[in-house]
Amino acid sequence: MKVAFGADDNYSIARFVVEELKRRGHEVVLVGSPLTGKPYPWPKVAVEVAELVASGKVDTGIVMCYTGTGVSIAANKVKGVRAALCTDAKNARGARLWNDANVLALSARLLSEEVAKEILDEWFSVEKPDPSELENIEFVKKLDLSR
Ligand SMILES: O=C[C@H](O)[C@H](O)[C@H](O)COP(=O)(O)O
């Protein structure tokens with residue numbers, strides 16, 4: 001898969017996730033600090049990754065900041081993006097299965113290498129949302145609260 005990855009700082013766990021994605025055979029498009037090594041504002045990281053996902057230039061996106069909250073909030077401002085802050089594998093599975101999430105938000109503060117691998121396992125193993133959730137997912141897709 002083609003995966004956009006962005007982080008606001010050059011966290012060691014960010015570098016680990018990028019290497020893990022490549023090891024799994026994904027093509028990684030880097031946004032922000034893992035590319036430049038310099039701090040990059042979290043809203044910019046999130047919106048740049050989200051726009052790559054919304055435009056279909058990549059298959060999925062991963063955003064990371066210290067808490068994971070800022071990037072998840074900002075990514076969700078981009079129409080067509082459903083970003084989910086996931087702190088463990090079960091929530092990552094739920095986000096794909098029940099929410100059809102297309103951007104994974106991660107917390108550099110909380111994430112260990114072991115949990116990162118478990119989260120990626122689930123994120124990439126769910127191919128389609130649960131049919132029983134399609135009505136809810138479609139409802140969310142149609143939401144446009146911009147005034
Ligand atoms: O939600 C925001 C993120 O957790 C940031 O990573 C955190 O605020 C640190 O950002 P900065 O390095 O700009 O202080």
Side-chain angles (χ1 to χ4, degrees), residues 1-126 129 133 136-147:
M1 275 197 185
K2 200 164 177 180
V3 183
F5 179 91
D8 66 340
D9 215 333
N10 194 8
Y11 307 108
S12 61
I13 191 68
R15 296 194 300 275
F16 175 82
V17 171
V18 170
E19 286 314 309
E20 186 61 24
L21 288 167
K22 290 180 182 168
R23 195 187 64 77
R24 293 169 186 232
H26 297 294
E27 184 186 341
V28 183
V29 177
L30 287 177
V31 172
S33 292
L35 189 66
T36 65
K38 293 179 192 156
Y40 200 80
W42 52 266
K44 279 187 77 175
V45 164
V47 169
E48 285 180 30
V49 170
E51 284 177 343
L52 287 169
V53 173
S55 67
K57 289 182 181 148
V58 298
D59 301 302
T60 195
I62 303 179
V63 290
M64 180 185 287
C65 63
Y66 184 64
T67 55
T69 54
V71 284
S72 63
I73 291 168
N76 274 313
K77 299 288 182 186
V78 175
K79 193 165 169 55
V81 164
R82 294 169 301 286
L85 174 56
C86 298
T87 50
D88 70 4
K90 211 164 184 177
N91 272 14
R93 184 170 182 77
R96 294 283 301 126
L97 199 56
W98 302 319
N99 314 137
D100 198 18
N102 52 9
V103 171
L104 168 64
L106 296 171
S107 165
R109 184 180 78 83
L110 293 175
L111 199 59
S112 66
E113 294 185 0
E114 190 183 356
V115 173
K117 285 195 272 186
E118 291 169 1
I119 287 175
L120 294 179
D121 287 345
E122 295 300 336
W123 188 263
F124 289 103
S125 69
V126 179
E133 287 294 338
N136 289 331
I137 292 165
E138 283 308 313
F139 180 86
V140 171
K141 283 184 181 173
K142 283 182 196 141
L143 282 178
D144 182 0
L145 303 179
S146 55
R147 305 250 190 275

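Heavy-atom basis, side chains included; hydrogens, waters and symmetry copies ignored. Ligands are counted one by one from 1 in listed order, and the atoms in each one are counted from 1 as well. Just so you know, these numbers come straight off a predicted model, no measurement behind them.
Scanning for salt bridge (Lys or Arg N to Asp or Glu O under 4.0 Å) contacts around E114 gives an empty result, with sequence neighbours left out.
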Which pairs of N or O atoms, one from ligand 1 and one from the protein, are separated by less than 3.5 Å, and what is the distance for each pair?
residue  : atom  : partner : partner atom : Å
ligand 1 : 1 (O) : T67     : OG1          : 3.3
ligand 1 : 1 (O) : G70     : N            : 3.1
ligand 1 : 4 (O) : Y66     : N            : 3.3
ligand 1 : 4 (O) : T67     : N            : 2.8
ligand 1 : 4 (O) : T67     : OG1          : 2.8
ligand 1 : 6 (O) : D8      : OD2          : 2.6
ligand 1 : 6 (O) : Y11     : OH           : 3.4
ligand 1 : 6 (O) : Y66     : N            : 2.8

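With respect to R23 and E19, no salt bridge is recorded, no charged nitrogen being found less than 4.0 Å from a carboxylate O.
For the pair E122 and R96, the minimum side-chain heavy-atom distance is 4.5 Å or more. Side-chain contact between R24 and M1 is absent, with no heavy-atom pair separated by less than 4.5 Å. For the pair M64 and F5, the minimum side-chain heavy-atom distance is below 4.5 Å. Counting heavy atoms from C-beta on, the side chains of I62 and L120 come closer than 4.5 Å.
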